[in-house]
Protein chains: 2
Amino acid sequence: MGIDAAATRNRILDAAERLFGERGFAGTSLRAVTTTARVNVASIYYHFESKEGLLRAVARRAMASVSEERHRLLDELCTRGDPGVEELVRAFVVTGADLVRRQGERGEHVARFIGRVLCEPGPEVRRLFAAEVGHVEGRYLDALTKALPGLPAGEVAFRYRTMVGVLALHQMDALADLAPPGHGDDIWAGRGDDTERLIAALTGIFLAPQAPAVPS
Amino acid sequence: MGIDAAATRNRILDAAERLFGERGFAGTSLRAVTTTARVNVASIYYHFESKEGLLRAVARRAMASVSEERHRLLDELCTRGDPGVEELVRAFVVTGADLVRRQGERGEHVARFIGRVLCEPGPEVRRLFAAEVGHVEGRYLDALTKALPGLPAGEVAFRYRTMVGVLALHQMDALADLAPPGHGDDIWAGRGDDTERLIAALTGIFLAPQAPAVPS
DNA sequence: GTCTATACGAAGATAGAC
DNA sequence: GTCTATCTTCGTATAGAC
């Protein structure tokens, strides 16, 4: 693969990452991608085989960015001894902002894209996501479990996934839109920097007492 | 509007509710809707003006079902004096299960649909959602604020919306899919009845201490 | 008021020249 | 590797029959 081939591939990935994030997968046509990437429709099929192949490639790249960032933040945190719950949550939440700081605009696209991918398409992509970020997830789960003695690992995992979901929605601004016209505008500004309240709320998830066992 | 016209209308609404919930809005073609509803393509345009009009109609009907259920549960709760945080969260979460119990399969469709609608399309539909369920939201916010003295109304609203988001993801099984192959299958069964752990986690959100003010 | 038939464009995908 | 041309299918929407 020549240098310009790689460049083409990357332009396609960049465009798709942004558009999928903004309009969703089903809502984005390949033609929209090729237009903003200034490439031919056929080149997508050459490089990625199909629209879904493109999605997978974008997803893998985006996850890789996030995973890398998460690993870095976690490493940093662990040099100062076993981190507490809130520190772990903070590191997790801050990843997005950190990505923006390090990668500029692309960081936002990555965050949006991941938010979308997490709730839009079929389960397949979510499972790809799960497989791709498995390593970091494992480290986080271990650290959280250690920080939360008395809470079974299964419970920690459940709450971890809840956190992932909340962060995804937050990253695509889905929560801010829920403010109702009459009641909410004044009591919740929305769109501000909600990082701190987000961290507080998510930490609360982990610190909640264990649910009573259900007979099932 | 004749009796069979209303029947056609309802068949369309039922089909759309289910399909939008399963495949998303952009991912569902009108042809798919008309096929499962056994009606002609034109009848959609006759009854709903456009695809988006159909979405709005489906959304309104679904919200109405949920709102009604929520009001009922909240009424019931308030007859026994001022409810606590956990009781409120439980009533909120249980609505989905209750809807299934009362409406059968349709309850599941409604839940899925609302989950989708909440995170898929543009902000417009989310705002429609917000407007439509505004009344119940107001009552819940009031009750929660009363149950949480010391937590500013804005903070309660933020956390309430976080709860709505988590429930939406949960209702479309988005969270269960995140279990990674190697690590999670054993420690979190997924797909079980997670109602109790969900209630515990969400209650934790509200009981978390307030975040320190951010300079902004 | 409701359905049949169909127009029209856009979508995903491919073959083959360069 | 990249682009042109084209195929097929599907989606939205309408005009007109009943």
Side-chain angles (χ1 to χ4, degrees), chain A residues 1-61 113 116-117 120-122 124-125 128, chain B residues 1-61 113 116-117 120-122 124-125 128:
Chain A
M1 181 159 69
I3 174 69
D4 44 349
T8 301
R9 221 187 106 97
N10 281 328
R11 279 215 312 288
I12 296 174
L13 284 173
D14 288 338
E17 185 172 75
R18 180 159 72 80
L19 291 172
F20 286 164
E22 284 169 5
R23 316 179 189 176
F25 177 68
T28 303
S29 70
L30 288 184
R31 283 170 166 85
V33 175
T34 55
T35 304
T36 59
R38 296 190 318 278
V39 295
N40 194 277
V41 209
S43 54
I44 290 188
Y45 289 89
Y46 175 73
H47 284 288
F48 303 101
E49 206 164 332
S50 71
K51 192 187 182 185
E52 219 195 284
L54 174 60
L55 174 63
R56 274 193 294 269
V58 175
R60 255 192 295 274
R61 196 184 63 156
F113 170 81
R116 278 280 190 194
V117 133
E120 195 203 307
E124 315 82 33
V125 187
L128 174 75
Chain B
M1 181 161 66
I3 176 69
D4 45 347
T8 302
R9 220 186 108 96
N10 281 328
R11 280 216 310 287
I12 296 174
L13 285 172
D14 289 337
E17 186 173 75
R18 181 159 70 80
L19 291 172
F20 286 165
E22 284 169 4
R23 317 181 189 174
F25 177 69
T28 303
S29 70
L30 288 187
R31 294 248 227 268
V33 175
T34 55
T35 304
T36 60
R38 296 190 320 279
V39 294
N40 195 277
V41 211
S43 52
I44 290 188
Y45 288 89
Y46 173 71
H47 284 289
F48 304 101
E49 206 165 331
S50 72
K51 192 187 182 186
E52 219 195 286
L54 174 59
L55 174 64
R56 272 194 295 268
V58 174
R60 254 193 296 272
R61 195 183 66 156
F113 170 80
R116 279 280 190 193
V117 134
E120 195 204 308
E124 315 84 31
V125 189
L128 174 73

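Heavy atoms only: backbone and side chains are in, while hydrogens, waters and symmetry mates are out. Chain identifiers are assigned alphabetically (A, B, ...) following the order of the sequence lines, protein sequences preceding nucleic acid strands; residue numbering begins at 1 within each chain.
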**Student:** Between A/Tyr46 and D/dT2, is there a side-chain N or O to OP1/OP2 distance below 4.0 Å?
**Tutor:** no
**Student:** Would you mind reading off the distance between A/Ile44 atom CD1 and D/dC3 atom C1', rounded to a whole angstrom?
**Tutor:** 14 Å
**Student:** Which of the following nucleotides, D/dA13, C/dG1, C/dC3, is nearest to the side chain of B/Ala42?
**Tutor:** C/dC3
**Student:** Find the distance A/Arg9:CZ to D/dT2:P and express it as a whole number of Å.
**Tutor:** 11 Å
**Student:** Please work out if B/Thr34 contacts a base, only the sugar-phosphate, or nothing of the nucleic acid, heavy-atom cut-off 4.0 Å.
**Tutor:** nothing
**Student:** Using atom types as modelled, flag every donor-acceptor pair under 3.5 Å from a side chain in residues 35-44 of chain A to any protein atom, sequence neighbours excluded.
**Tutor:**
from    : atom 1 : to      : atom 2 : distance (Å)
A/Thr35 : OG1    : A/Arg31 : O      : 2.7
A/Thr36 : OG1    : A/Ala32 : O      : 3.3
A/Thr36 : OG1    : A/Val33 : O      : 3.2
A/Asn40 : OD1    : A/Ala42 : N      : 2.9
A/Ser43 : OG     : A/Asn40 : O      : 2.4

**Student:** How many Å lie between CZ on B/Arg38 and C1' on C/dC3, as a whole number?
**Tutor:** 15 Å
**Student:** State the CD-CZ distance between A/Glu49 and A/Arg56, to the nearest 0.5 angstrom.
**Tutor:** 8.0 Å
**Student:** Given D/dA13, C/dA11, D/dC10, identify the nucleotide with an atom nearest to the side chain of A/Arg31.
**Tutor:** C/dA11
**Student:** Mind calculating the distance between CG (A/Leu30) and P (D/dC7) to the nearest angstrom?
**Tutor:** 20 Å
**Student:** Please state whether the phosphate of C/dT14, meaning OP1 or OP2, lies under 4.0 angstrom from any side-chain nitrogen or oxygen of A/Tyr45.
**Tutor:** no
**Student:** Expressed in angstrom and rounded to an integer, what is the separation of A/Phe48 atom CZ from C/dG12 atom C1'?
**Tutor:** 16 Å
**Student:** What is the distance, to the nearest angstrom, from the CD atom on B/Glu52 to the P atom on D/dT12?
**Tutor:** 12 Å
**Student:** Which value, rounded to the nearest 0.5 Å, describes the distance between A/Arg60 atom CZ and A/Leu128 atom CG?
**Tutor:** 6.0 Å
**Student:** Quick one: CZ on A/Phe25 to CD on A/Glu52, what's the gap to the nearest 0.5 Å?
**Tutor:** 6.0 Å
**Student:** Look at A/Asp4 together with A/Arg11 and state whether they make a salt bridge at an N to O cut-off of under 4.0 Å.
**Tutor:** no
**Student:** With a 4.0 Å limit, can you tell me whether A/His47 has a side-chain N or O closer than that to the phosphate oxygens OP1/OP2 of D/dT2?
**Tutor:** yes
**Student:** What contact category does B/Ser43 fall into here, base, sugar-phosphate, or nothing, at under 4.0 angstrom with non-hydrogen atoms?
**Tutor:** sugar-phosphate
**Student:** Separation of A/Leu54 atom CG from C/dA11 atom P, in whole Å?
**Tutor:** 15 Å
**Student:** Whole Å only: how far is the CG atom of A/Leu55 from the P atom of C/dG12?
**Tutor:** 13 Å
**Student:** Under 4.0 Å: is that the gap between some side-chain N or O of B/Asn40 and OP1 or OP2 of C/dT4?
**Tutor:** yes
**Student:** Looking at A/Thr8, I'd like to know whether one of its side-chain N or O atoms comes within less than 4.0 Å of OP1 or OP2 on D/dT2.
**Tutor:** yes
